Q: 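Structure in structure tokens, see below.
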Number of protein chains: 2
Amino acid sequence: MSENRVLVPFKENGHAHQRCMESALTVAEQTCRARGVRLTNIRRRVLELVWRSHEPVKAYDILARLQDEHSGSAPPTVYRALDFLQTEGMVHKIESLNAYVGCGDPNHMHIGQFLICRDCGAVAEMDDDDVRILLAEKAGNLGFQIDREVIEIKGLCAVCATEKR
Amino acid sequence: MSENRVLVPFKENGHAHQRCMESALTVAEQTCRARGVRLTNIRRRVLELVWRSHEPVKAYDILARLQDEHSGSAPPTVYRALDFLQTEGMVHKIESLNAYVGCGDPNHMHIGQFLICRDCGAVAEMDDDDVRILLAEKAGNLGFQIDREVIEIKGLCAVCATEKR
DNA sequence: AATGATATGTTATAATGTAACAATTTACAG
DNA sequence: CTGTAAATTGTTACATTATAACATATCATT
Ligand SMILES: [Zn+2]
Ligand SMILES: [Zn+2]
Ligand SMILES: [Zn+2]
Ligand SMILES: [Zn+2]
């Protein structure tokens, strides 16, 4: 049985993003409580800042905002929080952009396949078993055992493709 | 009809790497001549340094070697050469490592799927149409049109898996 | 040889990320 | 409670990766 879940859809026109964010924050809180780890103020705030949009957010942009709120913030403040959030599955790093996106599904530990729109910058996350299975097979043909996959796909999202028409 | 070409195999025990490198350099020279672009001394030397092994090479490691040979070298020297080599398809960047690997097939323009061994650091490049087709299909289901793919797979290569046994 | 295009030299700086250690806060056992 | 260890945050410094901007040199063509 295979699965093709879309974890973070592209923003539809006028989608209520406030809800995306609130939902993600709520899930994060529940997840942390269940795991006995602490979603401290800093971590929570960084997660909020990552979720401000569906575009990948840069560490130093997060830092700039933190510094507006609390001058004691420094690079380690942000990177530590991001490390925590990645470990707990609430944030993924987009390697090809040196930027971070929120994940709405921290309970099912995974790293998905990212679709990144060259026009609007929005990112969608798929978590597709067919892709995973095919790659495992192809790698296996070379005797390679997969630990982790970085799959970042650049292109044009549906909304932007429509607008171009 | 689909294709699963292995462009850069994992190094077999005692494989004659000198030949990998010479072959890549020869192809590069021919390709540049055919395209009317110039494989200058710097570019050629950077390509050689990328091909010193099958492990991804860092820009500043290349720079250090260039500086041994010519003190006038600076970061732009390396990054310009790498840009040229990437544009001409002779080098690929591994985004998740900020490092560069040689490609032996600059004529068939592509960016492949990389298998990166966590143990020996070697990288193999696949260029697999099945993977490309499946990803295009899955992305297409979301209305997404693919321009470019970054696929970097971490794991254990066949040689290292055998040694572990 | 003159010319424009390409490539390289040079300096400075931007952007991204980490090491190391001190201070503070939290959890919790006694 | 209160002392203690662990976890978190503060702070400073630095390492790594990459680019901007402009000067100089080289190459290709006339
Ligand atoms: Zn949203
Ligand atoms: Zn995810
Ligand atoms: Zn070789
Ligand atoms: Zn290649």
Side-chain angles (χ1 to χ4, degrees), chain A residues 28-29 32-50 55-88 90-101 121 150 152, chain B residues 28-29 32-50 55-88 90-101 121 150 152:
Chain A
E29 246 149 34
C32 284
R33 204 170 321 126
R35 289 181 190 164
V37 297
R38 294 169 55 208
L39 189 64
T40 61
N41 286 339
I42 290 176
R43 291 167 177 173
R44 193 194 150 88
R45 185 70 185 118
V46 169
L47 184 55
E48 279 175 9
L49 291 171
V50 168
E55 296 172 38
V57 178
K58 305 230 136 200
Y60 274 73
D61 290 344
I62 294 170
L63 177 56
R65 292 194 171 265
L66 285 187
Q67 284 175 329
D68 288 345
E69 300 163 5
H70 172 56
S71 67
S73 304
T77 313
V78 174
Y79 284 105
R80 284 166 181 157
L82 288 172
D83 283 350
F84 171 86
L85 294 169
Q86 284 178 267
T87 298
E88 299 301 331
M90 288 146 196
V91 157
H92 299 297
K93 180 175 185 182
I94 307 295
E95 298 284 352
S96 60
L97 298 176
N98 296 320
Y100 303 82
V101 293
V150 173
E152 299 172 2
Chain B
E29 248 149 31
C32 284
R33 204 171 321 127
R35 291 183 190 163
V37 297
R38 294 169 53 209
L39 189 63
T40 62
N41 285 340
I42 289 176
R43 291 166 177 174
R44 193 195 150 87
R45 186 70 185 117
V46 169
L47 184 56
E48 278 175 9
L49 290 170
V50 168
E55 296 172 38
V57 178
K58 305 231 136 199
Y60 274 74
D61 290 344
I62 294 170
L63 176 56
R65 292 195 171 264
L66 285 187
Q67 284 175 327
D68 288 345
E69 299 162 7
H70 173 56
S71 66
S73 305
T77 314
V78 174
Y79 284 105
R80 285 166 181 159
L82 288 172
D83 283 349
F84 171 85
L85 295 169
Q86 283 178 267
T87 298
E88 299 300 331
M90 288 144 196
V91 156
H92 299 297
K93 179 174 185 182
I94 307 295
E95 298 284 352
S96 60
L97 297 175
N98 297 318
Y100 304 82
V101 293
V150 173
E152 299 172 1

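Here the structure is a predicted model, which means the values were calculated and not measured. Reminder, nothing fancy here: chain letters follow the sequence lines and each chain counts from 1.
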Q: Rounded to the nearest angstrom, tell me the gap between atom CZ in A/Arg33 and atom C1' in C/dT26.
A: 18 Å
Q: Taking B/Arg33 first and then B/Glu29, would you say they form a salt bridge - that is, a charged N and a carboxylate O separated by under 4.0 Å?
A: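 No, no charged N to carboxylate O under 4.0 Å.
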Q: Output all residues satisfying side chain to side chain donor-acceptor pair (under 3.5 Å) with B/Arg35, sequence neighbours left out; order by chain, then residue number.
A: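 Counting only residues at least two positions away or on another chain, B/Arg35 forms a side chain to side chain donor-acceptor pair (under 3.5 Å) with B/Glu88.
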Q: Test your reading of the model: is there a side-chain donor-acceptor pair from B/Thr87 to the backbone of B/Asp83, 3.5 Å cut-off?
A: yes
Q: Less than 4.0 angstrom between a side-chain N/O of A/Lys58 and OP1 or OP2 of C/dA14, yes or no?
A: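 No, outside the criterion.
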Q: Just how far, in rounded Å, is C1' of D/dT19 from CG of B/Asp83?
A: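 Rounded to the whole Å, the gap is 10 Å.
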Q: Measure from CG on B/Leu39 to C1' on C/dA7 and round the result to the nearest Å.
A: 13 Å
Q: Apply side-chain contact (heavy atoms from CB on, under 4.5 Å) to the pair B/Leu82 and B/Ile62, showing each step before the final yes or no.
A: CA-CA 10 Å; B/Leu82 288 172; B/Ile62 294 170; 4.2 Å; yes
Q: At under 4.0 Å, does any side-chain N or O of A/Asn98 touch on OP1 or OP2 of C/dA15?
A: no
Q: Would you kindly give the CZ-to-P distance between B/Arg44 and C/dT8, to the nearest whole Å?
A: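 These atoms are roughly 14 Å apart.
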Q: Determine, for A/Arg65 against A/Glu69, whether the closest basic-nitrogen to carboxylate-oxygen distance falls under 4.0 angstrom.
A: no
Q: Rounded to the nearest angstrom, tell me the gap between atom OH in A/Tyr79 and atom C1' in C/dA20.
A: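 It works out to 18 Å between those atoms.
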Q: Can you tell me how far C1' of C/dA15 sits from CG of A/Leu82, to the nearest Å?
A: 15 Å
Q: Walk along nucleotides 7-15 of chain D from 5' to 3' and tag each nucleotide B, S or - by protein heavy-atom contact under 4.0 Å, base first, then sugar-phosphate.
A: -SBBBB---
Q: Measure from CG on A/Asp61 to P on C/dG17 and round the result to the nearest Å.
A: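 The distance from CG of A/Asp61 to P of C/dG17 comes to 12 Å, rounded to the nearest Å.
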Q: Would you say A/Tyr100 reaches C/dG17's phosphate, i.e. side-chain N/O to OP1/OP2 under 4.0 Å?
A: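 Yes, within the criterion.
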Q: For A/Ser96 and A/Glu152, which I'm curious about, is there any donor-acceptor pair between the side chains at under 3.5 Å?
A: yes
Q: Once you round it to whole Å, what is the distance between P of D/dT16 and CD of B/Glu95?
A: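 It is 20 Å, rounded to the nearest whole Å.
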Q: Keeping the roles fixed (side chain from A/Lys58, backbone from A/Leu97), state whether a donor-acceptor pair exists under 3.5 Å.
A: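 Yes.
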